[in-house]
A.B. asks: 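Once you've had a glance at the structure underneath, I'll fire off some questions.
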Amino acid sequence: MFVGVLQFELIVPESRSLKDKRRVVKSVKDKLHREHMVSVAEVAALDHHRLALMGLSMVSNSPTYIHQVFDRVVKKLGAWPNARLGDVSREVFKGDQLPTAFLTDEGDPLWTENERRDEPEATP
């Protein structure tokens, strides 16, 4: 399992209010989710009416696929009619690289050593 995270800035120059910005943000979130099956949220600058800092994530069994989707998303955002794309960063993690990949919300292990299955070795 691989987890991809894309962070990006959207500048909404024509926005005169938070309501104007939220209309653009909602449109971006809905379209990206519908067309690319990703999760999208505004994560910072919530009170700034011309700037949206957003995060997007997806899970796949292929890091290459995640990068391909992210490339398409960035291209789409770069051509967005009511907003300008600012800074963009991306990371793709292997599932077992996540700090709490094998812990419950309380911090306990998900599996005992007897219950845990290791990934099968690849056959040549």
Side-chain angles (χ1 to χ4, degrees):
M1 171 179 81
F2 294 89
V3 179
V5 177
L6 181 74
Q7 297 178 35
F8 58 94
E9 293 179 337
L10 277 184
I11 297 120
V12 189
E14 302 298 319
S15 174
R16 293 185 203 45
S17 66
L18 288 174
K19 187 175 182 181
D20 289 342
K21 178 184 93 166
R22 287 187 188 117
R23 187 175 308 113
V24 172
V25 167
K26 181 170 178 12
S27 174
V28 167
K29 287 170 45 177
D30 292 348
K31 186 167 187 155
L32 293 178
H33 175 72
R34 183 177 60 251
E35 293 180 3
H36 301 285
M37 293 306 296
V38 295
S39 296
V40 187
E42 184 178 10
V43 296
L46 299 174
D47 293 331
H48 193 291
H49 71 281
R50 289 195 176 139
L51 177 66
L53 300 175
M54 303 185 67
L56 177 150
S57 65
M58 70 176 297
V59 176
S60 175
N61 64 346
S62 166
T64 303
Y65 179 71
I66 292 174
H67 284 292
Q68 289 171 347
V69 171
F70 285 179
D71 289 343
R72 288 193 303 267
V73 166
V74 168
K75 184 176 179 181
K76 187 170 290 179
L77 290 170
W80 205 266
N82 301 326
R84 226 175 43 241
L85 183 61
D87 289 339
V88 176
S89 68
R90 68 169 82 184
E91 289 191 63
V92 176
F93 302 96
K94 193 167 182 207
D96 60 2
Q97 289 177 310
L98 302 172
T100 57
F102 301 110
L103 300 177
T104 66
D105 290 341
E106 293 77 29
D108 300 322
L110 285 173
W111 301 281
T112 66
E113 282 301 315
N114 292 337
E115 295 171 326
R116 187 175 183 139
R117 292 187 297 169
D118 292 323
E119 289 189 29
E121 291 186 27
T123 55

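Residue numbers run from 1 in the order of the sequence given.
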A.B. asks: Any side-chain heavy atom of F70 sitting closer than 4.5 Å to one from V88?
C.D. replies: no
A.B. asks: Identify the two heavy atoms, one from P63 and one from V92, that lie closest to each other, and give their separation to 0.1 Å.
C.D. replies: CB-CG1, 4.0 Å
A.B. asks: Please tell me if the side chains of K31 and V40 come closer than 4.5 Å, counting only heavy atoms from C-beta onward.
C.D. replies: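 No, every pair of side-chain atoms sits at 4.5 Å or beyond.
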A.B. asks: At what distance, to the nearest 0.5 angstrom, does CD1 of I66 lie from CD of E91?
C.D. replies: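 The CD atom of E91 is 12.0 Å from CD1 of I66, to the nearest 0.5 Å.
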A.B. asks: Does V38 offer a backbone N or O that forms a donor-acceptor pair with the side chain of H33 under 3.5 Å?
C.D. replies: yes
A.B. asks: What I'd like to find out is whether the side chain of E35 reaches to under 4.5 Å of the side chain of K76, using heavy atoms alone.
C.D. replies: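 Yes, at least one pair of side-chain atoms sits under 4.5 Å.
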A.B. asks: Which pair of non-hydrogen atoms, one from Y65 and one from M58, has the smallest distance, and what is that distance?
C.D. replies: CE2-CE, 3.6 Å
A.B. asks: Give a yes or no on whether V28 and V74 share a hydrophobic cluster (residues Ile, Leu, Val, Met, Phe, Trp, Tyr; joining criterion: side-chain heavy atoms under 4.5 Å apart).
C.D. replies: yes
A.B. asks: Are any non-hydrogen side-chain atoms of D20 and E14 less than 4.5 angstrom apart?
C.D. replies: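 No - every pair of side-chain heavy atoms lies 4.5 Å or more apart.
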A.B. asks: Got a second to check how far S62's OG is from M1's CE, nearest 0.5 Å?
C.D. replies: 14.0 Å
A.B. asks: Measure across V25 and A52 and return the closest heavy-atom pair with its distance rounded to 0.1 Å.
C.D. replies: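 So the minimum-distance heavy-atom pair works out to CG2-CB, 3.7 Å.
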A.B. asks: With K21 as reference, evaluate H48, H49, E42 under the side chain to side chain donor-acceptor pair (under 3.5 Å) test and give the passing residue.
C.D. replies: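 Only one of H48, H49, E42 forms a side chain to side chain donor-acceptor pair (under 3.5 Å) with K21, namely E42.
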A.B. asks: Which distance, rounded to the nearest 0.5 Å, do you find between the CG of L6 and the CG of L77?
C.D. replies: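 Reported to 0.5 Å precision, the distance equals 7.5 Å.
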A.B. asks: With distance as the sole test, does E9 use its side chain to make a donor-acceptor pair with the main-chain N or O of D87 at under 3.5 Å?
C.D. replies: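 Between the backbone of D87 and the side chain of E9 there is a qualifying donor-acceptor contact (under 3.5 Å).
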A.B. asks: Of all the heavy-atom pairs spanning A83 and V12, show the shortest one and how long it is.
C.D. replies: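 Here A83 and V12 meet closest at CB-CG2, 4.4 Å.
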A.B. asks: With distance as the sole test, does R50 use its side chain to make a donor-acceptor pair with the main-chain N or O of S15 at under 3.5 Å?
C.D. replies: yes
A.B. asks: Measure the spacing between CD1 of I11 and CH2 of W80 and express it to the nearest 0.5 Å.
C.D. replies: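 Answer rounded to 0.5 Å: 15.0 Å.
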A.B. asks: Can you tell me how far apart OG (S57) and CD (Q7) are? Round to the nearest 0.5 Å.
C.D. replies: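 Interatomic distance, S57 OG to Q7 CD, rounded to 0.5 Å: 10.5 Å.
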A.B. asks: With the 4.5 Å side-chain cut-off for hydrophobic clustering, are V24 and L18 part of the same group?
C.D. replies: no
A.B. asks: Determine the minimum heavy-atom distance between P13 and N82, stating which atoms define it.
C.D. replies: CD-O, 4.3 Å
A.B. asks: Is there a side-chain contact between L85 and F8 (heavy atoms, below 4.5 Å)?
C.D. replies: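 Result yes, sub-4.5 Å side-chain heavy-atom pair found.
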A.B. asks: Can a salt bridge be assigned to the pair K26 and D30 using a cut-off of 4.0 Å between side-chain N and carboxylate O?
C.D. replies: yes
